[in-house]
Chemist: 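The structure follows.
Side chains included, hydrogens not; waters and symmetry mates left out as well; all remaining heavy atoms used. Just follow the structure's listing: the first ligand is 1, and inside any ligand the first atom is 1.
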Amino acid sequence: MSDKRDNALREQILKLKKERNAVILSHNYQRGEVQDTADFVGDSLELSQKAAKTDAEVIVFCGVHFMAETAAILNPGKTVLLPDAGAGCPMANMITAEQLRQQKQKMPKATVVTYINSSAAVKAESDYCCTSANGVKIVGSIDNPEIIFVPDQYLGDFIAKRTGKTLTLWPGYCPTHMRILPEDIIKRKQEHPKAKVVVHPECRPDVIALADEALSTSGMIRYAARPDVQELVVGTEVEILHRLNKENPGKQFYAASKKAICPNMKKITLDKIAESLETMAPAITVPEEIRLRAKAAVDRMLAGV
Ligand code: SF4
């Protein structure tokens, strides 16, 4: 897309945003031009907190379906737009509310901790939500030897190792982070021997074992800003490099694997944001009975961070 067309679209979006009293939230994995058009760019925890505090009447969520649902859970009186209703998360779709209910029946005394990458219906069956930024803290604070963790087995494994707790894991995973392989990290280290290596806890354990740190995307942004970090290999969705380069001129960032692209995150475009604000669709809603139960799990997370 040409810069001229981007600029025209951006102007149209700004105008519509004002007319609708809207705020635009963008995940760190969104296209660069979408990040540049947003009011806030962040990870799912930061965006949940922004969504909970905003005075805007309309929230345009540039991310995937579960993120827009979380914004709808926290903002019942507001309109939440997801510019492409087909932007889903394969990991979130790896568990249904019915499957979680069956797991709970097998372990009736267990506390259920659910990664925010899940549907509202699954959150509604949970005691706590967590993100990759606060999962260790949330699980560490639970005084129950039986904990069910869904849906990401790798984040769950990472949290279990960090907290020393035994978690019953669900076999979900992120197909994008699965594309980062141990040999990619080994190769990047050979190419950039002075670089530090950070990876996301959604990566496979054998990838995490090769990194200096496993961090959420907000943790990576803070790590990259450290004065002692000049070169960084980054093991997460590649578009985070847009923000890292923008905020850290002069530093060098390398994608651990250029194959780590989330096709769902790329479904949101400037055209679709403009159209969504124009038509006020697709709006994401959550049935009130599910919303209230899901909100209790999200509120327990927000109270603990
Ligand atoms: S990067 Fe992975 S977890 Fe995140 S939205 Fe894409 S598929 Fe889901």
Side-chain angles (χ1 to χ4, degrees), residues 25-32 34-35 38 41-48 51 61-72 80 82-96 113-123 126 129-135 149-159 169-181 184 198-205 207-208 214-221 234-244 255-269 272 282 284 301:
L25 306 180
S26 163
H27 193 270
N28 288 320
Y29 299 160
Q30 289 288 299
R31 294 168 184 275
V34 171
Q35 294 186 33
V41 183
D43 65 11
S44 42
L45 173 61
E46 291 168 328
L47 297 178
S48 309
F61 214 114
C62 304
V64 292
H65 193 269
F66 75 81
M67 297 179 181
E69 267 194 338
T70 307
V80 179
L82 178 64
D84 185 323
C89 167
M91 181 207 282
N93 296 338
M94 287 179 191
I95 187 165
T96 64
V113 182
T114 295
Y115 189 22
I116 199 150
N117 297 26
S118 54
S119 68
V122 167
K123 287 184 179 77
S126 313
C129 268
C130 79
T131 68
S132 56
N134 62 30
F149 187 89
V150 301
D152 185 7
Q153 60 181 309
Y154 296 132
L155 177 62
D157 176 75
F158 172 76
I159 293 172
L169 303 177
W170 190 260
Y173 61 90
C174 164
T176 297
H177 284 89
M178 279 283 280
R179 292 197 193 108
I180 302 170
L181 302 173
D184 294 320
V198 290
V199 301
H200 196 278
E202 285 174 23
C203 289
R204 297 159 33 144
V207 167
I208 293 177
L215 298 169
S216 67
T217 53
S218 55
M220 290 179 183
I221 302 281
V234 185
T236 192
E237 215 277 351
V238 295
E239 209 85 47
I240 196 174
L241 265 65
H242 177 79
R243 184 166 168 199
L244 290 172
S257 168
K258 290 189 178 145
K259 291 184 186 157
I261 295 170
C262 176
N264 282 285
M265 286 281 181
K266 303 297 169 275
K267 287 185 179 168
I268 311 293
T269 59
K272 289 181 193 169
I284 302 300
M301 168 185 81

Chemist: Would you say Y29 and T176 are linked by a side-chain donor-acceptor pair, where the criterion is simply a distance under 3.5 Å?
Modeler: no

Chemist: Do Q35 and H27 have side chains that approach each other closer than 4.5 Å (heavy atoms only, starting at C-beta)?
Modeler: no

Chemist: What is the closest protein heavy atom to atom 6 (Fe) of ligand 1, and at what distance does it sit?
Modeler: C262 SG, 2.4 Å

Chemist: Could you tell me whether ligand 1 has any atom less than 4.0 Å away from a heavy atom of N264?
Modeler: no

Chemist: Tell me, which protein residue and heavy-atom name are nearest atom 8 (Fe) of ligand 1, and how many Å apart are they?
Modeler: C89 SG, 2.4 Å

Chemist: Are any of the side-chain heavy atoms of I116 and T70 separated by less than 4.5 Å?
Modeler: yes

Chemist: When you measure from atom 7 (S) of ligand 1 to every protein heavy atom, which one gives the shortest distance, and what is it?
Modeler: P90 CD, 3.4 Å

Chemist: So how far is it from Q30 CD to K266 NZ, rounded to the nearest 0.5 Å?
Modeler: 7.0 Å

Chemist: Quiz question: by atom type and distance under 3.5 Å, do the side chains of S126 and T114 form a donor-acceptor pair?
Modeler: yes

Chemist: Does some side-chain heavy atom of M91 sit less than 4.5 Å from a side-chain heavy atom of Y115?
Modeler: yes

Chemist: What residue and atom, counting heavy atoms only, is the protein's closest point to atom 3 (S) of ligand 1, and at what distance?
Modeler: N117 ND2, 3.2 Å

Chemist: Please state whether E202 comes within less than 4.0 angstrom of ligand 1, counting heavy atoms only.
Modeler: yes

Chemist: Considering non-hydrogen atoms of the protein only, which is the closest contact for atom 2 (Fe) of ligand 1, and what is the distance?
Modeler: C174 SG, 2.3 Å

